[in-house]
Amino acid sequence: MTSYQAFHKRSIEDRNGFWGEQAELIHWNKKPEQIYDFSKPPFVKWFVGGETNLCYNAVDRHAETNPDGKALVYISTETNEEKTYSFAELRTEVMRMAAIYQALGVKKGDRVLIYMPMIAEAAFAMLACARIGAIHSVVFGGFASHSLATRIDDAKPTVIVSADAGMRGGRPVPYKHLLDEAISLAEHKPAAVLMVNRGLDTEMNVVAGRDVDYATLRAQHINADVPVTWVESSEPSYILYTSGTTGKPKGVQRDTGGYAVALAASMKHIYCGNPGETFFSTSDIGWVVGHSYIIYGPLIAGMATIMYEGTPLRPDAGIWWKICEEQQVTVMFSAPTAIRVLKKQDPAFLKKYDLSRLRALYCAGEPMDETSHQWMMDELGIPVIDHYWQTETGWAMLSLMPGVEKQGVQLGSPGFPVYGYDVRLFRDDGSECGPNEKGIVGVVPPLPPGCLSTVWGDDKRFVSTYFTLFQEPLVYSSFDWGIKDDAGYYKILGRTDDVINVAGHRLGTREIEEAVQAHPAIAEVAVVGVADQLKGQMPMAFAVVKDPASVDTPEKVAELEKAVMKIVDGSLGAIARPARVHFISGLPKTRSGKMLRRSIQALAEGRDPGDLTTIEDPSTLEQIRAALVAK
Ligand code: ATP
Ligand code: MG
């Protein structure tokens, strides 16, 4: 048994011992009385009776021992601002924000909805909630009013924090009118709306008696001294919605103590981040990666974190690497979708900067295709570690864990089950798959610390959504389809909903996409299964080419389509060959960069594309419609 296998085994077989030790990584105002309580499965409570506080662990602890240490770096290539906060300064700002909340009537257990761009005040807003035991619900800035209204009604916030506008590609994106519209659509009305006015929207509407100005209130609370409110470990810290890739988003409820311990342990065993170093996650605070690895994780570990407002391509494709050099970043976190964007740019941008301090780049969110994985590793010359998780889990479920043991990167694989997760692959009947057999990814409960405690306000939905796949055994199902090789490396093949069944052969969308992606002309591709009378289903591909000139005549289109089919034949066999390959210039994705295969499939089968609240660019659906009609 390798040392990692032994580590993992202990985390499952001796939960009390293992997690008791991990719990030492954070500060407890009162030590837990019980490591975990699984007396009402599938619900589990971690570190029962313990009292702690996320803000204390992320900020105060370090402000006491290392007040001048770098904590938060706000960098905007949109407004060309840069500002660094030390731990002491961060604590001061968080206390001011907390005092404002209290003045507006926010109490422990109340919800605060945060609808903000990537600015430092958004971090203050989150940490201030944690400080006073209020529950934040961050909604991705830029979601339209309808999506926002549903989340307002679900969380019923006492206060909403927002800003006049975000910035994207150099242009202001006004938020306030969307927020006003959302509040008028919602049944629940917040007591106050706290507005950070960046001066980007001169026409911003102010509702008297409800909207209050952050700068004014901050000045009134400039000397605020707000002590932390200790909360029992399983009390909720936040609500966060899943990406909505498969339909209606689910409101994940996170606890406090379990989450703090899970993040602290992950910083040690997975990311290997040391106090005093800098962590750079390119995500957004609106997503789970932003919660865990822009705000809480790095700060809990005493690392500085970067809040970057901007795209990977402005002012040029070297911006991320410039930030890495200037901020001496040691650990970075991004997504495959961003890697695929960068792959289309001049690689010279990567060579321009000194990246010698960067030890690893972690990626999550979607399957990492082998071609892009290899490309990124070659360019950076460091491990690119794909890891797999979900909003629900809050932290990685499959990963390499260099802090426990050095394990080799296998292209396209997120590695092994992470300690604490009893991950297995299941057949449809609930029996377990053997090596190299495709199956449903599941976790035998209890879920480890940090995972969702329930669906906000809906225990029934928690059970029926995640735990009713089989009668026996009790399994948490994450609706993904995967495979494990002889050495124990997993591969995620796509979502179970997207599995394509061609004449009895079940194929994960990822398998065909992987093959298509290997063609040098292709930048990105989505493959869906389309109903077929004869074969059950037929794969159909929608591909984006790197260079539009490669498909600018019908002859070239026909030729490339043939070449793509051939490459699929060669790697998977004719059974997997797409019936058609359509070339379009953009694919429908969620705002968090995930492919909306269900909508593509619906269009390809002549159905309604379904719930589109989280779509990034609706015009991509028009392209798909047009492509389908044209052929
Ligand atoms: P919804 O649950 O609302 O349909 P979603 O599943 O996209 O949306 P997230 O929690 O943001 O919401 O995404 C988690 C999912 O992303 C995983 O279940 C998996 O399908 C995919 N995913 C995440 N990381 C990886 C990875 N490293 N490799 C493959 N797939 C991944
Ligand atoms: Mg999901």
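Each ligand, and each atom within it, is numbered from 1 in the order the structure gives.
Of all protein heavy atoms, the one lying nearest to atom 29 (C) of ligand 1 is Pro367 N, 3.2 Å. Nearest protein heavy-atom contact of atom 19 (C) of ligand 1 is Asp480 OD2, 3.2 Å. Glu366 O, 3.5 Å is the protein heavy atom nearest to atom 26 (C) of ligand 1. Closest to atom 6 (O) of ligand 1, if we only count protein heavy atoms, is Arg495 NH1, 2.9 Å. Scanning the protein heavy atoms around atom 7 (O) of ligand 1, the nearest turns out to be Thr245 OG1, 2.4 Å. Nearest protein heavy-atom contact of atom 4 (O) of ligand 1 is Thr246 OG1, 2.4 Å.
Judged by the shortest distance from any of its heavy atoms, Ser592 lies outside the 4.0 Å radius around the atoms of ligand 1.
Looking at every heavy atom in both residues, Arg597 comes nearest to Val527 through CD-O, 3.7 Å. In plain terms, the two heavy atoms of Arg424 and Glu432 that are nearest each other are NH1-OE2, 2.9 Å. Across every non-hydrogen atom of Gly430 and Pro473, the tightest pair is O-CD, 3.7 Å.
Atoms of ligand 1 found under 4.0 Å from any heavy atom of Lys250, numbered from 1 in the order shown, are 1 (P), 2 (O), 3 (O). Near Thr391, the atoms of ligand 1 lying under 4.0 angstrom from a non-hydrogen atom of the residue are 9 (P), 10 (O), 11 (O). Close approach of ligand 1 to Asp386 is summarised as follows: ligand atoms under 4.0 Å from at least one heavy atom of the residue are 26 (C), 27 (N).
For atom 12 (O) of ligand 1, the nearest non-hydrogen atom from the set Gly394, Ser413, Gly365, Ser243 comes from Ser243.
For the pairing with Lys438, the side-chain contact (heavy atoms from CB on, under 4.5 Å) check across Leu507, Val499, Leu425 returns one residue only, Leu507. Checking Phe280, Tyr271, Tyr293 one by one against Val331, the side-chain contact (heavy atoms from CB on, under 4.5 Å) holds for a single residue, Tyr271. For the pairing with Met332, the side-chain contact (heavy atoms from CB on, under 4.5 Å) check across Phe279, Tyr362, Trp321 returns one residue only, Trp321.
At most 12 heavy atoms of other shown residues, nucleotides or ligands fall within 6.0 angstrom of atom NZ in Lys268.
For the pair Gly244 and ligand 1, the shortest N or O to N or O distance falls below 3.5 Å.
Looking at Met368 against ligand 1, nothing comes within 4.0 Å, counting heavy atoms. Contacts between Trp389 and ligand 1 below 4.0 angstrom, taking non-hydrogen atoms only, involve the backbone exclusively. Proximity of Lys594 to ligand 1, defined as any heavy-atom pair under 4.0 Å, is confined to the side chain (atoms from C-beta onward).
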Requested in this report: Walk me through it: do Trp395 and Tyr421 pass the test ring-ring contact (aromatic ring centres under 6.0 Å, His included)?
Outcome: CA-CA 11 Å; Trp395 63 292; Tyr421 291 93; 5.1 Å; yes

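In this pair, Tyr296 and Tyr259 present their aromatic rings perpendicular. The plane angle is above 60°, beyond the 30 to 60° band. Classified by interplanar angle (parallel below 30°, tilted 30° to 60°, perpendicular above 60°), the ring pair Tyr238/His291 is tilted.
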